[in-house]
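These notes are about the structure you will find just below.
Protein chains get the first letters and strands the later ones, always in sequence-line order, with residue 1 at the start of each. Keep in mind it's a predicted model, so treat the numbers as computed, not measured.
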Amino acid sequence: MERSPSHAKLDGRGEEPTAQATYEMDERYDPKTIEPKWQQDWERTNLYLTREEPGRPKFYVLEMFPYPSGAGLSVGHLHNYVPCDVVGRYKRMAGFNVLHAMGWDAFGLPAENEALLKQSHPTETVPRYAANFKHQLKISGCAYDWTREINSSSPEYYKWTQWFFLMLYKRGLAYRALGSQWWCDQCRTILANEQVVNGCCWRHTNTPVSKKDLEQWYIRITAYADRLLEDLDSIDWPEPIKLMQRNWIGRSEGAELAFPVTGHPGKEVRFFTTRPDTVFGVSFMVLAPEHPLVAEITTAENRAAVERYVSEARRQSEIERMSTVKEKTGVFTGAYARNLFTNKDIPIWIADYVLMGYGTGAIMAAPGQDQRDYEFARQYGLEIPRVTAPQDGSTPPDERAFTELGVAINSGFLNGMKTADAIKAVCRYAEDKKIGKPTISYRIRDWLISRQRYWGSPIPMIYCKGACGIVPVPDEQLPVRLPTMKEYQPSGTGRSPLANVPEFVNTTCPKCGGPAERETDTLDGFACSSWYFLRFASPHEDKVPFDRKAVDYWLPVDLYVGGAEHAVMHLLYARMWTKVMYDAGMIGFKEPFPVLRNQGMVWAADGQKMSKSKGNVVTPDAMIEKYGADALRLWELFMGPFDEPTNWNEDGVAGTERYLGRVWTMVRRYVGAGAPEGNPNAETLKRAHKTIRTVTDHIERLRFNTAVATMMDQLNYLARLKPEEAGRFAIESYVLMLAPMAPHACEEMWRALGHGTSIHLEPWPRFDPELTREETVTVVVQVNGKVRDRLEIAVGTAEDEVRAMALASENVKKHLGGKEPRKVIYVPDKLLSIVA
RNA sequence: GCCCGGGUGGCGAAAUCGGUAGACGCAAGGGACUUAAAAUCCCUCGGGGGCAACCCCAUGCCGGUUCGAGUCCGGCCCCGGGCACCA
């Protein structure tokens, strides 16, 4: 912060304040008249258009763009938007070019489902709901550049979503595959793995998902797994979110090995293990029930049992399969594999605790060293060899697997090696003998992006009936427009409603001109949100998805704020697309959101989730009607820490409205006294400067609740002073600091203070560090750890002097009881601790 | 079960480089103004004791380190969130 003389006008910009107020302030603070007036004025004067003034740094503040639902915004949503608005307004005053825009995440299942429920059409409901959201944001005084409004369901936008899909395809990152996929009966569509929560659909937490085999489009996010993991270290995100991404990616190092199936020449069981050092302890193998090898190797006498088990496992929903403390179950296939390390034949079982989707869908079972294998071996009476011993020479426990690291025993050439060395030795051996190699395995799977639903961006692909196969729609034919359909209900058969529109489906092959059919699935809504943050930089660009220069200027996002519920879906996909664009040379940064914060959830007053069905939703409209937007905004900020959850309490809004009324009264008195320059004393000056320092710091650190508290504290001080005692600097800097938080009231007061231009164009007040310095401080005197006195001393008083003062204190003497101090600790200007 | 957060007055919360616990506000009580009410303003407000000066107790519980612990360490309890056989 630069120094500035306290008495001079605040900055060279704007007019010299006139002594005569040009505005009459009403006696009572009345938000109902002030707020609409200024909202209209700001709009008329284009106050919040994005500026790119040279010589100023840029700041891009972004909230996760909302799906505009029919329920409208609640006061909970504003707990995200208001703080971001304050940051945007503050940064603008602090000399930044600010980009703050809003758009609608309008494609996707929620919009479609809601329209179906209301027996309406999303092309009608989406604009209507979005208009309502926009209205609510406007009456809340949020300063967005509405000329940059975007809508992911408009052809101008989804043209580029399709374009990005094609780019991924051309880079080998989009592919079609047949797979057994999660299906939600309520959504009537396929879900990505991330969208399955506790075996249920993420939107319908009471609807267990089931599996369906369908040919689908996938995005090869696994190709970026390592980079998505590594780059987490370079970004400033809440640690829990990073951790969730790390866990989701689930990197583990180990080896992939293969054992031949006895009696089936050429057939082998390939498997991944993180503990290759335990191979000598492998006494059986387990395949996932869905493993393709199962049908080939199962012996005649075991076939019936195996088939029964497989069909049962397939029928089980995920929720059953994951149910807690389930006993291990499995069936022997009758086949054996050769453990190439022990040269023994070991039985091959199938069991549902081995998942087809992870690793190779097969494991080597080392029951002595793995608890799950141990339980399985116990259950079926299989051998449990011990091949790792504790490092300290103690005996390993008998009643469980010894899973810790240690020293290899009963392990041929590994004997005596520490686990880490043994792992390396096995890898080397496996590579020499060509039976395996070191491998890294990931939990993350590719992103399934197809949806069998109407309300989404059509996937721009064509299937040639001739010889061309799958052909991407040429860029110049984009967008593939979503046809208007009256009846767009999902069929439930697994086919998209678009399949029922022959004019859409039937087309010609872009390559050979012969007959062809279009892909009828639509893109997952998360495709839209994987690049929208780029679009705000040049929202009307129609030749390319974004203007490179605009993106180079504005991106990456300086502050991204949204709910923690997007920890692994949206935030992972958006990061991946960004990296792909970086690789394609389209952008110059690898991470879209270097700084992320999660706003805390606002629960209803009853502690429950705000929902229409519970009838506990509080709307900003109602609060604004009752208390005004500025009071609502202040309470959103003051309620509690911005990133922590809290319960709604309407009484608080009444409190902040009362506060604004007191500010109003103070300014009105000051204006009424002729807005004097004043003659503030040192204390008043110091308080004014310290308030600027503290409030600035708190806003920078997103500590809005304490910023408001500091403002209230300062009001309590200033309100007791006569206008000339307060003086112009204290009053005007106060109103300026309040302006981002209570923009309407402050605009009104600013004009009344004699300024002809908007307060929101004014520079942020500066403080003089020299004037914030304290001359005296309170030093706490402790005797045996308890506070016994407080001393007012001059800053920097010598220890001897402080000690003498302390020892002279009656209360200190009393508690010393005549004893000599054994030890004295002095923390300069803070505390003197006497041990007797 | 494992991994993250978090437990401070009647309530929302401040204070975390170890140094005055409860700033700021809400609610409550008392008072002023008013014919009255609303609004506004003033006072009190963690618990206990004392006329007072002051004293004792108190940041989920138990222990530890320290001159000094809401803050650090160990063990537990409760609440919220995430993951859930990942080989």
Review item, side-chain donor-acceptor pairs of residues 596-608 of chain A, under 3.5 Å, at least two apart:
unit_1	atom_1	unit_2	atom_2	d
A:Arg597	NH1	A:Asp236	O	3.3
A:Arg597	NH1	A:Asp236	OD1	3.4
A:Arg597	NH2	A:Asp236	OD1	3.3
A:Arg597	NH2	A:Asp236	OD2	3.0
A:Asn598	ND2	A:Gly562	O	3.1
A:Gln599	OE1	A:Gly563	N	3.4
A:Asp606	OD1	A:Gln608	N	3.0
A:Asp606	OD1	A:Asn616	ND2	3.4
A:Asp606	OD2	A:Asn616	ND2	3.3

Compare the minimum distances between each of B:A87, B:C85, B:U20 and the side chain of A:Ile363, then state the nucleotide with the smallest one.
B:A87
Pick base, sugar-phosphate or nothing for A:Ser252, based on heavy-atom distances below 4.0 Å to the nucleic acid.
sugar-phosphate
How would you label the contact of A:Gly250 with the nucleic acid (heavy atoms, under 4.0 Å): base, sugar-phosphate, or nothing?
nothing
Please work out if A:Arg822 contacts a base, only the sugar-phosphate, or nothing of the nucleic acid, heavy-atom cut-off 4.0 Å.
nothing
Side-chain N,O (A:Asn598) to OP1/OP2 (B:G5) below 4.0 Å:
no
Which atom pair, heavy atoms only, marks the closest approach of A:Leu571 to A:Ile241?
CD1-CG2, 4.2 Å
Do A:Lys328 and B:C85 have a side chain to base donor-acceptor pair shorter than 3.5 Å?
yes
Which nucleotide in the set B:A23, B:A13, B:C83 lies at the smallest distance from any side-chain heavy atom of A:Pro641?
B:A13
Proximal nucleotide (of B:U20, B:C67, B:C55) relative to the A:Val787 side chain
B:U20
For A:Arg251, which contact category applies under a 4.0 Å heavy-atom criterion: base, sugar-phosphate, or nothing?
nothing
Side-chain N or O of A:Asn705 closer than 4.0 Å to phosphate OP1/OP2 of B:A14
yes
Using a heavy-atom cut-off of 4.0 Å across all strands, would you classify A:Leu243 as base, sugar-phosphate, or nothing?
sugar-phosphate
I'd like to know if A:Arg720 pairs up with A:Glu725 as an ion pair, taking the criterion as any Lys NZ or Arg NE/NH1/NH2 lying under 4.0 Å from an Asp or Glu carboxylate oxygen.
no
Considering only side-chain heavy atoms of A:Asp651, which listed nucleotide, B:A84, B:A15, B:A27, is closest?
B:A27
Using a 4.0 Å heavy-atom cut-off across all strands, classify A:His815 as base, sugar-phosphate, or nothing.
sugar-phosphate
Cation-pi, A:Trp182 ring and A:Arg445 (6.0 angstrom, 45 degrees)
no
For the residue pair A:Phe704 and A:Phe642, categorise the inter-ring angle as parallel (less than 30°), tilted (30 to 60°) or perpendicular (more than 60°).
perpendicular
Any A:Arg788 side-chain N or O less than 4.0 Å from OP1/OP2 of B:U20
no
Looking at B:A23, I'd like to know if its phosphate oxygens (OP1 or OP2) sit under 4.0 Å from a side-chain N or O belonging to A:Arg703.
no
Would you say B:C41 has OP1 or OP2 under 4.0 Å from some side-chain N or O of A:Arg720?
no
Could you give the distance separating B:A21 and B:A58 at their P atoms, to the nearest angstrom?
13 Å
With C1' as the reference atom in both, quote the distance from B:U40 to B:G49 in angstrom, rounded to an integer.
38 Å
At 4.0 Å (heavy atoms only), tell me whether A:Asn647 reaches a base, stays on the sugar-phosphate, or touches nothing.
nothing
Quantified in whole Å, what is the P atom distance between nucleotide B:G50 and nucleotide B:A39?
38 Å
Based on the glycosidic angle (syn within 90° of 0, else anti), state the conformation of B:G9.
syn
Which nucleotide, B:C83, B:G25, B:G19, lies nearest any side-chain atom of A:Gln782?
B:G19
Would you classify A:Thr274 as touching base, sugar-phosphate or nothing, given that sugar-phosphate means primed atoms plus P, OP1 and OP2, and contacts are heavy atoms under 4.0 Å?
sugar-phosphate
Are A:Arg270 and A:Glu268 close enough for a salt bridge, meaning some N to O gap below 4.0 Å?
no
Reckon A:Lys823 has a side-chain N or O less than 4.0 Å from the OP1 or OP2 of B:C67?
yes
P atoms of B:G9 and B:G46, separation to the nearest Å
12 Å
How are the rings of A:Phe341 and A:Phe259 set relative to one another: parallel (under 30°), tilted (30 to 60°) or perpendicular (over 60°)?
tilted
Among the nucleotides B:G19, B:C57, B:C4, whichever has the atom closest to the side chain of A:Lys786 is B:C57
Parallel, tilted or perpendicular: rings of A:Phe376 and A:Tyr353 (30°, 60°)
tilted
Take atom P in B:G10 and the same atom in B:G22, then report the distance between them in whole Å.
16 Å
Side-chain atoms of A:Asn716 come closest, of B:C24, B:C67, B:A87, to B:C24
Identify whether any heavy atom of A:Arg246 sits under 4.0 Å from a base atom; if not, whether one sits that close to sugar-phosphate; answer base, sugar-phosphate or nothing.
nothing
Given the C1' atoms of B:C45 and B:C11, what is the spacing between them in whole Å?
13 Å
Taking only the side-chain heavy atoms of A:Val354 (C-beta and beyond), determine which of B:C3, B:A27, B:A87 contains the nearest atom.
B:A87
Side chain of A:Asp713 (C-beta onward), nearest among B:A87, B:C67, B:A23
B:A23
Residue A:Thr646, side-chain heavy atoms: nucleotide from B:C3, B:G12, B:C67 that is nearest
B:G12
Which value, in whole Å, describes the distance between the P atoms of nucleotides B:C2 and B:U71?
24 Å
Using the P atom on both, measure B:C78 against B:A23 and round to a whole Å.
32 Å
